[in-house]
Enquirer: 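Before I ask anything, let me first share the structure, which is written out below as structure tokens.
Since this is a predicted model, take the numbers as computed values, not measurements.
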Amino acid sequence: MNEPVEELAFVREFPEATEVLLHGVIQPGNDLWDATFFCGSCAVIRRAPLEEVGGIAVETVTEDAHTALKMQRRGWSTAYLDVPQAAGLATESLSAHVGQRIRWARGMAQIFRTDNPVLGRGLRWHQRLCYTSAMLYFFYGVPRLVFLLAPLSFLVFDLQILNATPYLVLAYAFPHLLHSITTNSRLQGRFRASLWSEVYEVILATYIILPTTLALIAPKLGSFNVTAKGSVVDRDWFDGKIARPYLVLALINAVGIGFGLYRAYAGHPNVDVIGFNIAWCTYNLIILFAAVAVAWETRQRRDNHRVEMRLPALLRARGRAMSTQTLDIALGGVGVTAPADLDIAVGESVAIALDVDGDYVSAQARVASLGSGRLGLAFDGLDIEAETGIVRAGFSRASSWTSWTDGRPEDRPLRSLGQVSSHAAGAALRLAGSAFRRSPEASS
């Protein structure tokens with residue numbers, strides 16, 4: 001019913017966006033139980049079942065999944081084609097990403113409240129479980145917030161929330177955590193890295209608590225907003241507004257550590273409990289500062305998204321024709337391997353012809369960049385025929401997206417911990433450095 005759609009991850013260095021996990025792991029699993037749900041794109045729906053349920057569902061803001069649920073209640077089956085057919089744009093900024101996930105969370109909570117898969121007729125028990133799992137996932141906001149604040153009860157108020165010693169907690173909880181991390185790494189290793197999912201959920205937790213709660217109380221509240229995509233981030237900047245909850249929670253945990261150190265210095269009898277809760281707060285700080293790191297937006301250097309693509313090509317420059325190969329393709333230009341004996345300068349005009357399944361797509365271009373065996377070309381005013389050919393070459397061929405998981409590294413939990421810690425430390429240092437500098441807004 002729905003094919004994988006690869007979107008850019010919200011952290012640009014890491015493929016951790018939920019779409020990757022959804023289309024790579026969850027949807028194939030749902031398909032085993034005839035519980036694959038429509039995700040809003042790349043779907044073929046028969047008219048008969050769609051008309052039988054009254055068309056696309058409009059009662060909730062996640063109309064796609066709700067439509068699939070309605071059809072499956074009527075006994076219709078869905079099928080997931082686990083062959084990549086298309087790719088789509090992701091949100092360009094963290095704030096847009098959060099806004100999109102708020103809508104998804106509210107919509108799933110609305111379905112859970114108004115058309116609960118556990119109740120009602122038409123679904124088999126395994127379909128009920130699959131749909132319920134998809135909906136309950138978005139209620140992690142409160143548990144995440146509790147986890148981030150729990151150690152403060154002892155460090156600040158000297159209140160014991162666990163009726164056990166730190167050693168018993170470690171003896172019982174640590175093996176479970178280790179087993180959970182290892183199992184998830186083995187099952188999801190090509191699609192999601194350990195601990196980055198922790199960062200992802202912390203980023204969204206404070207923002208989805210209110211929408212999901214309100215959706216349970218008054219499911220008709222809220223409006224449908226299409227996520228804006230295709231915009232350009234024209235400068236590096238820190239989105240302090242979206243990062244405010246993470247900064248506040250980080251400050252609270254840092255204060256908790258300060259209280260704990262003071263109590264230990266003052267001779268508190270349960271120094272081991274203090275140490276356990278300080279370690280807990282330290283872990284929270286690592287996750288929270290990694291979330292802060294995501295709020296640093298990176299300038300996009302290109303107006304058009306490039307797709308890695310290997311195609312034979314002919315390059316004509318200075319009256320010579322040379323064989324080359326594309327490295328990536330976009331509507332604005334193409335990257336090719338630079339022939340070893342190529343003598344050319346940036347700004348020169350060239351002609352490029354791409355071999356697309358035996359048909360040549362020709363275009364005029366100019367040299368935009370040179371270096372490291374790569375030649376970057378910018379197209380000069382594509383006509384409609386050439387633009388159509390470029391679209392077909394880069395985006396419309398059956399094999400364009402079949403390699404979406406190629407080169408994706410297998411997850412290594414310790415490596416992920418190192419990455420998260422490194423980004424957290426970098427965010428803390430950048431914040432500390434910015435505290436001694438005037439912002440551009442303040443100086444203007």
Enquirer: Is the closest side-chain heavy-atom distance between Val292 and Phe238 below 4.5 Å?
Expert: yes

Enquirer: What distance do Glu297 atom CD and Ile242 atom CD1 have between them, rounded to the nearest 0.5 Å?
Expert: 9.5 Å

Enquirer: Please identify which of these residues, Glu63, Glu59, Glu51, meets the salt bridge (Lys or Arg N to Asp or Glu O under 4.0 Å) condition with Lys70.
Expert: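 Looking at Glu63, Glu59, Glu51, the match for Lys70 under the salt bridge (Lys or Arg N to Asp or Glu O under 4.0 Å) is Glu59.
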
Enquirer: I'd like to know if the side chain of Arg310 reaches the main chain of Leu327, judged simply by a donor and an acceptor atom lying under 3.5 Å from each other, with no hydrogens or angles considered.
Expert: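 Such a contact is found between Arg310 side chain and Leu327 backbone.
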
Enquirer: Indicate whether any N or O donor in one side chain lies under 3.5 Å from an N or O acceptor in the other, for Arg73 and Tyr131.
Expert: no

Enquirer: Considering residues at least two apart in sequence or located in another chain, which fulfil the side-chain contact (heavy atoms from CB on, under 4.5 Å) criterion with Ala164?
Expert: Leu168, Val169

Enquirer: Does the ring center of Trp296 lie less than 6.0 Å from the ring center of His423?
Expert: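 They do not qualify: ring centres at least 6.0 Å apart.
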
Enquirer: Closer than 3.5 angstrom, by distance alone: can the side chain of Gln72 be matched with the main-chain N or O of Leu123 as a donor-acceptor pair?
Expert: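 No, Gln72 side chain to Leu123 backbone: no donor-acceptor pair under 3.5 Å.
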
Enquirer: Taking all atoms of both residues into account, what is the closest heavy-atom pair of Ala134 and Phe37, and its distance?
Expert: CB-CE2, 4.0 Å

Enquirer: Could you check whether any side-chain heavy atom of Ile329 comes within less than 4.5 Å of a side-chain heavy atom of Val334, counting everything from C-beta outward?
Expert: yes

Enquirer: In sequence, state the C-alpha distance, the side-chain angles, and the governing distance for Thr213 and Phe139, and then conclude on side-chain contact (heavy atoms from CB on, under 4.5 Å).
Expert: CA-CA 9 Å; Thr213 303; Phe139 290 93; over 6 Å; no

Enquirer: Are Ile208 and Tyr140 side-chain neighbours, meaning at least one heavy-atom pair lies under 4.5 Å?
Expert: yes

Enquirer: Can a donor-acceptor pair be found, under 3.5 Å and without considering hydrogens, that links the side chain of Tyr246 to the backbone of Ala290?
Expert: no

Enquirer: Crowded around Gln160 CD? As in, over 12 foreign heavy atoms under 6.0 Å?
Expert: yes

Enquirer: Within the distance-only criterion (no hydrogens, no angle test), does the side chain of Thr388 pair as donor or acceptor with the backbone N or O of Ile384 below 3.5 angstrom?
Expert: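 It does hold such a pair.
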
Enquirer: Looking only at non-hydrogen atoms, find the nearest pair between Thr62 and Met108 and report the distance.
Expert: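 Looking at all heavy atoms of both residues, the shortest contact is OG1-N, 3.5 Å.
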
Enquirer: Is it the case that Arg128 places NZ or CZ above or below the six-membered ring of Trp125, under 6.0 angstrom from the centre and within 45 degrees of the axis?
Expert: no

Enquirer: Using 0.5 Å steps for rounding, measure from the NE2 atom of His66 to the OG1 atom of Thr60.
Expert: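 Here the rounded value is 5.0 Å.
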
Enquirer: Please find the pair of heavy atoms, one from Ala35 and one from Thr78, that lie closest to each other, and give the distance.
Expert: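 Nearest heavy atoms, Ala35 then Thr78: C-OG1, 4.2 Å.
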
Enquirer: Judged by atom type as modelled, is there a donor-acceptor pair below 3.5 Å linking the side chain of Thr282 to the main-chain atoms of Ile278?
Expert: yes

Enquirer: Strictly distance-based, threshold 3.5 Å: is any side-chain N or O of Asp31 a donor or acceptor partner for the main-chain N or O of Tyr80?
Expert: yes

Enquirer: So do the side chains of His97 and Val294 get within less than 4.5 Å of each other, counting heavy atoms only?
Expert: no

Enquirer: Who passes side-chain hydrogen bond (donor to acceptor under 3.5 Å, both in side chains) against Thr206, sequence neighbours left out?
Expert: none

Enquirer: So Asp158 and Asn270, do their side chains get closer than 4.5 Å, heavy atoms only?
Expert: no

Enquirer: So, taking the atom named CG in Leu210 and the one named CZ in Arg106, what distance separates them when rounded to the nearest 0.5 Å?
Expert: 10.0 Å

Enquirer: Using the test side-chain hydrogen bond (donor to acceptor under 3.5 Å, both in side chains), find all partners of Arg144 that sit at least two apart in sequence or belong to another chain.
Expert: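 Once residues adjacent in sequence are excluded, the partners of Arg144 under the side-chain hydrogen bond (donor to acceptor under 3.5 Å, both in side chains) criterion are Glu198, Glu201.
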
Enquirer: Pair Asp239, Ser93 - check side-chain contact (heavy atoms from CB on, under 4.5 Å), show working.
Expert: CA-CA 9 Å; Asp239 192 344; Ser93 65; 5.9 Å; no

Enquirer: So Trp33 and His126, would you call those rings parallel, tilted or perpendicular, with 30° and 60° as cut-offs?
Expert: tilted

Enquirer: In Å and rounded to the nearest 0.5 Å, what is the CG to OG distance from Leu195 to Ser185?
Expert: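 It is 10.0 Å, given to the nearest 0.5 Å.
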
Enquirer: Under 3.5 Å, is there a donor-acceptor pair linking the side chains of Asp411 and Ser416?
Expert: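 Yes, Ser416 and Asp411 have a side-chain donor paired with an acceptor closer than 3.5 Å.
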
Enquirer: Would you say that Val25 contacts Leu187 through its side chain, given a criterion of any heavy-atom pair below 4.5 Å between the two side chains?
Expert: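 SC-SC contact between Val25 and Leu187 ruled out.
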
Enquirer: Is the backbone of Ile111 close enough, under 3.5 Å, to the side chain of Asp115 for a donor and an acceptor to pair up by distance?
Expert: no

Enquirer: Nearest 0.5 Å please: distance from the CG atom of Asn30 over to the SG atom of Cys130.
Expert: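 Answer rounded to 0.5 Å: 4.5 Å.
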
Enquirer: Quick one: pull up CD in Gln188 and CD1 in Ile26 and give me the separation to the nearest 0.5 Å.
Expert: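 Here the interatomic distance stands at 7.5 Å.
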
Enquirer: Could you walk me through whether Ile286 and Val420 pass the side-chain contact (heavy atoms from CB on, under 4.5 Å) check?
Expert: CA-CA 7 Å; Ile286 292 174; Val420 171; 3.8 Å; yes

Enquirer: Give a yes or no answer on whether the side chain of Thr183 reaches the backbone of Ser180 with a donor-acceptor pair at less than 3.5 Å.
Expert: no

Enquirer: Quick one: are Tyr360 and Leu354 in side-chain contact, heavy atoms under 4.5 Å?
Expert: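 Contact flag for Tyr360/Leu354 side chains = no.
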
Enquirer: Please evaluate residues Leu204 and Phe138 with respect to the criterion side-chain contact (heavy atoms from CB on, under 4.5 Å), reporting the C-alpha separation (whole Å), side-chain torsions for both, the decisive distance (0.1 Å), and the verdict.
Expert: CA-CA 10 Å; Leu204 297 177; Phe138 289 97; over 6 Å; no

Enquirer: Could you check if a side-chain atom of Phe147 sits within less than 4.5 angstrom of a side-chain atom of Trp280, using non-hydrogen atoms only?
Expert: yes

Enquirer: Near Leu119 CG, under 6.0 Å, is it more than 12 heavy atoms from other residues, nucleotides or ligands?
Expert: yes

Enquirer: Any idea which heavy atoms bring Arg374 and Gly335 closest together, and the distance?
Expert: NH2-CA, 3.7 Å

Enquirer: What heavy-atom pair brings Ile203 and Tyr207 nearest, and what distance separates the two atoms?
Expert: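 Between these two residues, the closest heavy atoms are O-CD1, 3.5 Å.
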
Enquirer: What pairs with Glu52 under side-chain hydrogen bond (donor to acceptor under 3.5 Å, both in side chains), at least two apart in sequence or on another chain?
Expert: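 Once residues adjacent in sequence are excluded, the partners of Glu52 under the side-chain hydrogen bond (donor to acceptor under 3.5 Å, both in side chains) criterion are Arg74, Trp76.
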
Enquirer: Mark yes or no for whether Gln110, through its side chain, and Pro219, through its backbone, hold a donor-acceptor pair below 3.5 Å.
Expert: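 A pair under 3.5 Å: yes.
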
Enquirer: Taking distance alone, no hydrogens or angles, what donor-acceptor pairs closer than 3.5 Å link side-chain atoms of residues 253-264 to residues at least two apart or in another chain?
Expert:
residue: Asn253; atom: OD1; partner: Asn284; partner atom: ND2; Å: 3.1
residue: Asn253; atom: ND2; partner: Leu148; partner atom: O; Å: 3.2
residue: Asn253; atom: ND2; partner: Leu249; partner atom: O; Å: 2.9
residue: Arg263; atom: NE; partner: Leu155; partner atom: O; Å: 2.8
residue: Arg263; atom: NH2; partner: Val156; partner atom: O; Å: 2.6

Enquirer: Only counting residues at least two apart or in another chain, list the ones meeting side-chain hydrogen bond (donor to acceptor under 3.5 Å, both in side chains) with Thr326.
Expert: none

Enquirer: Between Gln127 (side chain) and Asp34 (backbone), is there a donor-acceptor pair under 3.5 Å?
Expert: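 Looks like yes, one N/O pair under 3.5 Å.
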
Enquirer: Testing the basics here: between Thr212 and Ile209, what is the closest heavy-atom pair and its distance to 0.1 Å?
Expert: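 That closest heavy-atom pairing would be OG1-O, 3.0 Å.
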
